[in-house]
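Here the structure is a predicted model, which means the values were calculated and not measured. All ligand and atom numbering here is 1-based and tracks the order in the structure.
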Amino acid sequence: MIRITGGKVYDPANGVDGAIKDICIAGGRIVDDNPAQASDQIIDASGMLVLPGGVDVHTHVAGGALNFARGLVPENQRAARKFLHGPGRRAGLGGMTPTTFATGYLYAGMGWTTVNEAAVPILSARHTHEELHDIPIVDKTALVLMANNELVLDLLEAGEEERARHVVAWMIWAAKAYGVKAVNPGGVAAWKWGKNASALFEPVEGYQRVTPANIVGSLAAMVDELKLPHPLHLHCNNLGVPGNVATTLETMNVLDGRRAHLAHLQFHAYGGDDWSTMRSESARLAEAFNRQTNFTADAGAVLFGDAVTITADGPWQHLLYQLTGHKWGNLDVENETGCGIVPYVYKDRNLVNAVQWAVGLELLLLIDDPWRVFLTTDHPNGAGFWRYPEIIRLLMDAEFRREELKRLPAKARERILLPDLNREYSLSEIVIITAAGPARSLGLIAKGHLGAGADADVTIYPEKPDDGFLFQYPRYVIKGGEIVVEEGEVRHVTSGREFIVHPACDEQIENYLRPLFQKVYTISFDNYPVEIERLRHPHVQPCA
Ligand SMILES: [Zn+2]
């Protein structure tokens with residue numbers, strides 16, 4: 001048994017708010033404190049914070065799109081921090097799109113122990129799982145892209161909702177995914193014809209009945225009917241565009257009380273008619289969000305500096321390329337989705353970027369329930385995940401925020417609310433938005449808390465770090481009961497697990513899919529599903 005003693009424990013899921021108490025670990029799990037039981041190891045956490053390991057609800061760390069991005073920015077890779085071979089450690093590269101081993105070291109080295117890869121096409125799921133397996137230490141989940149899958153859209157067009165649900169269930173298992181992601185519903189399918197889908201109630205290119213609203217409503221209903229642990233994970237239409245708050249609010253209404261997770265909300269909270277009048281609409285969005293308790297969201301905050309935008313939202317990426325003249329890569333994934341890559345730099349003197357920076361923080365400060373809004377940068381779209389400690393400080397320290405606001409152009413300050421917001425996050429609230437809340441939203445019941453039975457994923461940080469940034473260098477990180485990080489350095493490398501779901505579906509659906517596949521796919525039906533044997537450490541989470 002490992003006993004962590006003397007630390008201040010923050011475990012909001014169990015109502016523990018800074019109490020000094022022991023945390024005991026045995027068999028990879030948190031166990032009740034039994035003073036009669038001898039400890040094999042005692043960790044003295046005096047002067048330190050003891051927290052559940054971080055859970056990233058929305059990130060991009062593995063798969064074809066990431067590899068494409070790595071290849072598109074070789075200059076970035078050359079300049080990247082090198083992770084050298086060490087005891088038990090593999091070499092790797094940092095940069096905006098770190099290689100697999102480096103990704104695990106960086107997450108664990110910051111105190112995060114679970115990550116959700118937010119966008120996987122079924123066709124590249126096999127590759128994605130190989131990369132996920134390669135990412136050491138952290139546990140993973142992955143979401144399969146579904147809102148532009150032509151087989152599903154064709155069934156919705158024909159009014160065959162029930163068969164569509166069986167197809168979706170079959171595809172989730174074929175991809176060995178954990179949940180369903182919708183990106184720019186209908187827009188990516190339309191992009192195959194050079195079009196987009198910006199109006200929620202207008203038919204998608206090539207369809208008579210299918211609209212973005214109809215796709216969102218149907219998928220949210222299917223996810224509920226299939227009893228998936230995580231709700232529909234939704235990247236709304238019109239990402240990044242001035243005035244898009246109207247679409248976001250309309251989408252929330254379309255969901256009509258159904259649960260959904262609204263991804264990277266910052267990119268969907270803009271007012272104005274064009275780029276010259278773009279402004280924050282975080283107050284309007286937060287007000288509606290606060291009322292509708294069926295939703296969770298993640299911030300998708302941006303920080304000034306380098307980023308690489310990677311998304312299935314092909315039409316948006318083309319627009320971003322036209323706006324910036326930067327490099328642009330576009331991929332088409334037959335019948336299923338698309339993908340675009342544009343390297344990007346957020347600049348504090350740029351009016352649009354300044355508004356974006358403020359909006360992410362504003363949403364985190366204006367949404368009143370920390371259990372429903374989570375810390376992300378939509379890595380690497382808004383900033384690298386390793387910069388979370390900067391956002392944590394911006395949320396906890398209004399004075400630091402005011403100093404940072406001085407970097408913005410005067411004009412930007414008229415278009416944002418941030419200078420008027422004085423809320424400061426408590427440490428307990430930070431633990432909620434970085435661990436307890438995302439774990440709950442993902443339905444990972446053994447994550448995000450330190451109660452008996454929880455996975456022993458524990459991070460121990462100095463209470464008063466030298467540089468003033470909490471969560472930067474953990475003193476210890478324990479993953480599944482093993483000490484993996486000491487003094488911010490990876491000391492022991494373990495393999496994480498992959499959480500997947502196996503929703504119920506009518507086996508006969510294969511009779512429907514097989515001939516269709518032979519007709520429209522370049523890959524044969526038998527080679528399409530990812531075999532369960534491909535996953536080295538799968539854990540099937542029940543649907544209930
Ligand atoms: Zn994303």
Side-chain angles (χ1 to χ4, degrees), residues 55-70 96-98 103 107 112 114-121 124-125 128 131-132 140-148 177-185 187-188 230-241 244 248 251 260-269 296-303 306-317 319-320 329-331 333 336-344 346 356 359-360 363 373-388 391 438 441-442:
V55 178
D56 199 331
V57 79
H58 186 113
T59 184
H60 302 278
V61 290
L66 264 286
N67 250 359
F68 187 23
R70 289 176 190 125
M96 289 313 303
T97 47
T103 298
Y107 262 116
W112 262 244
T114 305
V115 301
N116 180 36
E117 160 57 58
V120 182
S124 74
T128 306
E131 286 204 33
L132 287 175
K140 306 104 184 174
T141 53
L143 307 180
V144 68
L145 292 160
M146 205 52 84
N148 296 281
Y178 184 78
V180 175
K181 169 81 170 296
V183 171
N184 185 0
V188 185
H230 183 52
L232 178 66
H233 197 106
L234 179 57
H235 157 149
C236 293
N237 298 72
N238 292 324
L239 174 141
V241 180
N244 65 5
T248 314
T251 305
H261 177 85
L262 306 176
H264 36 68
L265 206 52
Q266 179 278 128
F267 288 107
H268 303 274
T296 56
D298 65 271
V302 313
L303 291 169
D306 283 337
V308 178
T309 66
I310 303 178
T311 172
D313 197 339
W316 160 252
Q317 291 296 67
L319 179 63
L320 190 61
N330 181 74
L331 277 175
V333 184
E336 291 181 6
T337 181
C339 165
I341 316 279
V342 180
Y344 194 78
Y346 294 94
Q356 293 180 302
V359 168
L363 287 167
V373 63
F374 315 129
L375 174 57
T376 67
T377 55
D378 189 12
H379 163 81
N381 286 279
F385 62 78
W386 47 90
R387 295 182 67 189
Y388 289 170
I391 302 174
S441 169
L442 286 166

> Can N116 and T141 be said to form a side chain to side chain donor-acceptor pair (under 3.5 Å), step by step?
Replying inline: CA-CA 5 Å; N116 180 36; T141 53; 2.7 Å; yes
> So H379 and H58, side chain to side chain donor-acceptor pair (under 3.5 Å) or not? Walk me through it.
Replying inline: CA-CA 8 Å; H379 163 81; H58 186 113; over 6 Å; no
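Checked by atom type and distance alone, the side chain of T377 never pairs as donor or acceptor with a backbone atom of V302 at under 3.5 Å.
Taking the charged nitrogens against the carboxylate oxygens, R70 and E131 do have a contact shorter than 4.0 Å, which makes a salt bridge.
Inclusion of H60 in the first shell of the Zn ion (ligand 1) is supported: an N, O or S atom falls under 2.8 Å. For residue H264, no N/O/S atom approaches the Zn ion (ligand 1) to within less than 2.8 Å.
D378 has its closest N, O or S atom to the Zn ion (ligand 1) at the position named OD1.
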